[in-house]
2 protein chains.
Amino acid sequence: MKLPPLNALRAFESAARHNGFIAAADELFVTRGAVSRHVKLLEEHLGLKLFHRNHKGVELTTAGHDLLPVLTESFQAMAEKCGHISASAFELRIICPPALSIRWLFPLLERFRELHPEVRIKLTTDFYGAKGFDTSEYDLGISVEHMPGRSPNIVVLPLFSSYLSPACAPNLLKGQQSLSSPQDLKNFTLLHENPRREDWKTWAREFNVEGFDPSQGEAFPNLDMATKAAVMGAGIVMADMALCREELQLGTLILPLEHMKCEEPHGRYALIGSRDKWDDPNVTKFKDWISEVSAEGAPAA
Amino acid sequence: MKLPPLNALRAFESAARHNGFIAAADELFVTRGAVSRHVKLLEEHLGLKLFHRNHKGVELTTAGHDLLPVLTESFQAMAEKCGHISASAFELRIICPPALSIRWLFPLLERFRELHPEVRIKLTTDFYGAKGFDTSEYDLGISVEHMPGRSPNIVVLPLFSSYLSPACAPNLLKGQQSLSSPQDLKNFTLLHENPRREDWKTWAREFNVEGFDPSQGEAFPNLDMATKAAVMGAGIVMADMALCREELQLGTLILPLEHMKCEEPHGRYALIGSRDKWDDPNVTKFKDWISEVSAEGAPAA
DNA sequence: CTTTTGGATCAGTTTTTCTAATCCAATGTA
DNA sequence: TACATTGGATTAGAAAAACTGATCCAAAAG
């Protein structure tokens, strides 16, 4: 079956729903005549009357009653879906792990919003989860990314490197224990970001340090909290230098072994997204903006 | 949400389904340019791309993938429903009880088909069923109708009267038993149409006949069979004179009490239908035709 | 008896849509 | 390397569709 003229279907649907051509005309922003004409056209197309025309308004025929619901449902479904899709065109769903989010991205985001007020950013502050970056849930992700060979439809844009080095509150070193060589670490509590990274271990491996247990100490759900704990003097955190610049500047954290800093060994901070959406306008805006922001002020040089 | 231009939606749906604008253009009987334009328009309306344009054809974006199914389903549903409705416009569903159908309507119907070949008659030969004439299943019904006061949205068009009188095969009266007064009926087997009518009883009441048992005898599922049984000499049927004109003419049935004939006491043969459809073109064609046919040759005058 | 309500209709105009021709880029083919 | 082929984009002009606004009409309400 060939579909009747769609606009005629719509006019009929509206007229039937409102039980009158005038109401339909109002809804569709046209004149009564236009609606009348559309309905007539549809009736001719189908070969039967859809309305009984009484002196007072119209009333659906059996056929009209039969036809109405499927039209209403269909138009409704299409309108709803188009609405969602259209709304999603102004939406940018970003996922960023906690420390990076709260210590870096979040404060910057306001500037992006000023620059592109039409883009509605939905930021999720969390780790990716077991299956890695979920392209159906998020348009972009920001985190430390191991560059080579991801899934083929994932694109990675490197942003900046960061460096790992042990950090602690200055008071911690005012006691009996000194911390001038890595071996001294055995006398301190180590503070860990638990769920993902094994930064102490990698740092130790990187510098071939032995004589302390890099898994000893206390664990936190993310690096932000571990860092805060360090500020409070709870121990020594393997700090991500890009993420605690404020503490370092204020002097609430110091780097007792500053000469021993290694580049994030898992990779670099990067923006990732699906190839599909990589050239979407909003994604592009964000890409451009974040590249600039990263270049301008990020690395702990 | 305001619906995007419907024709653009259709063009996109077709293009997406075929994975190409050319195939869609063929399906919609337009040029490639038209499809291209429609899709572009829709994309502008939604504010995002629905296709990735590669050198070789097109490929749906995430948004496109998201949008396609609801469109396909909706258009499919609408097309199907319109198809059904449109087909029903050329259909006339008539129900007629067995004896009337086989003895009167059926042979005449060929003439109607010649006159209006575009109307597809679907004749159901059966009694109405417990709830009476079902306006949702049938457009028209033909049967004996008690005129006054039916359900308000049922219309009745009287066609012709018929008459009841006992009938039997001539041989039946060649035996010992004669049949010259109603009281003689007690010596014969009565033949009944079982399911609906109590014609013997009403006839007896009509003429105040006593001295025989009007419920005695054999029953058949309809009057056609009872009449045929009478022709075979099985007994005496309360014949509907309009429905056994052939037998009476041929002499295979006779009316031993011809002076005692009563008009169908339940009413007259009539066409009935729902008020809704009473002026539908096909219904009108049938009304006009059957009125004429009835007037011209029906009554057993 | 007049007004109001709700739809039908028509001529003329506006808007949309389509076509047909031409481009363009990539890819396979000779 | 040349060259046809494929599949989409683009454009101006032409054709078709849709809309308006005025006018009609019939029934019902005031």
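Reminder, nothing fancy here: chain letters follow the sequence lines and each chain counts from 1.
- Put simply, NE2 on B:His38 is 12 Å from P on C:dT16, counting in whole angstrom units.
- Residue A:His45 contributes atom NE2, which lies 12 Å from atom P of D:dA18 at whole-angstrom precision.
- Relative orientation of the A:Trp289 and A:Phe112 rings is perpendicular, given thresholds of 30° and 60° on the angle between their planes.
- Within 4.0 Å of B:Phe29, counting heavy atoms only, lie sugar-phosphate atoms of the nucleic acid but no base atom.
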* Structure fact -> With B for base contact, S for sugar-phosphate-only contact and - for none (protein heavy atoms under 4.0 Å), nucleotides 4-13 of chain D reads ---BBSBB--
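- A salt bridge links B:Glu118 with B:Lys285: the distance from a Lys NZ or Arg NE/NH1/NH2 to an Asp or Glu carboxylate oxygen falls below 4.0 Å.
- An angle of 20°, rounded to 10°, separates the two end axes of the helix from C:dC1-D:dG30 to C:dA30-D:dT1, each defined over five pairs.
- The aromatic rings of A:Phe12 and A:Phe51 lie tilted to each other, with the angle between the two planes from 30° to 60°.
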Result block: side-chain N/O donor-acceptor pairs under 3.5 angstrom for residues 64-73 of chain B, not counting sequence neighbours:
| residue | atom | partner | partner atom | Å |
| --- | --- | --- | --- | --- |
| B:Asp66 | OD1 | A:Lys81 | NZ | 3.1 |
| B:Thr72 | OG1 | B:Glu13 | OE2 | 2.8 |
| B:Thr72 | OG1 | B:Leu68 | O | 3.2 |

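- Every residue two or more places apart in sequence or in another chain that forms a side-chain hydrogen bond (donor to acceptor under 3.5 Å, both in side chains) with A:Gln76 is listed here: A:Glu80.
- The interatomic distance linking B:Leu6 (CG) with C:dT16 (P) rounds to 14 Å, in whole Å.
- A donor and an acceptor atom, one from each side chain of B:Thr125 and B:Ser101, are located under 3.5 Å apart.
- Separating the CG atom of A:Asn7 from the P atom of C:dT15 is a distance of 16 Å, rounded to the nearest angstrom.
- One atom, NE2 of A:His18, and another, P of C:dG6, lie 14 Å apart when rounded to the nearest Å.
- Applying the salt bridge (Lys or Arg N to Asp or Glu O under 4.0 Å) definition to pairs two or more places apart or across chains, those involving residues 87-97 of chain B are B:Glu91-B:Arg120, B:Arg93-B:Asp139.
- The CZ atom of A:Arg10 sits 17 Å away from the P atom of D:dA17 (whole-angstrom rounding).
- A straight line from CG of B:Leu28 to C1' of C:dC18 spans 12 Å, rounded to a whole angstrom.
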Cut-off 3.5 Å, no hydrogens considered: what does the side-chain donor-acceptor table look like for residues 24-39 of chain B, sequence neighbours left out?
| residue | atom | partner | partner atom | Å |
| --- | --- | --- | --- | --- |
| B:Glu27 | OE1 | B:Ser14 | OG | 2.7 |
| B:Glu27 | OE1 | B:Arg17 | NH2 | 2.9 |
| B:Glu27 | OE2 | B:Arg17 | NH1 | 3.2 |
| B:Glu27 | OE2 | B:His18 | NE2 | 3.4 |

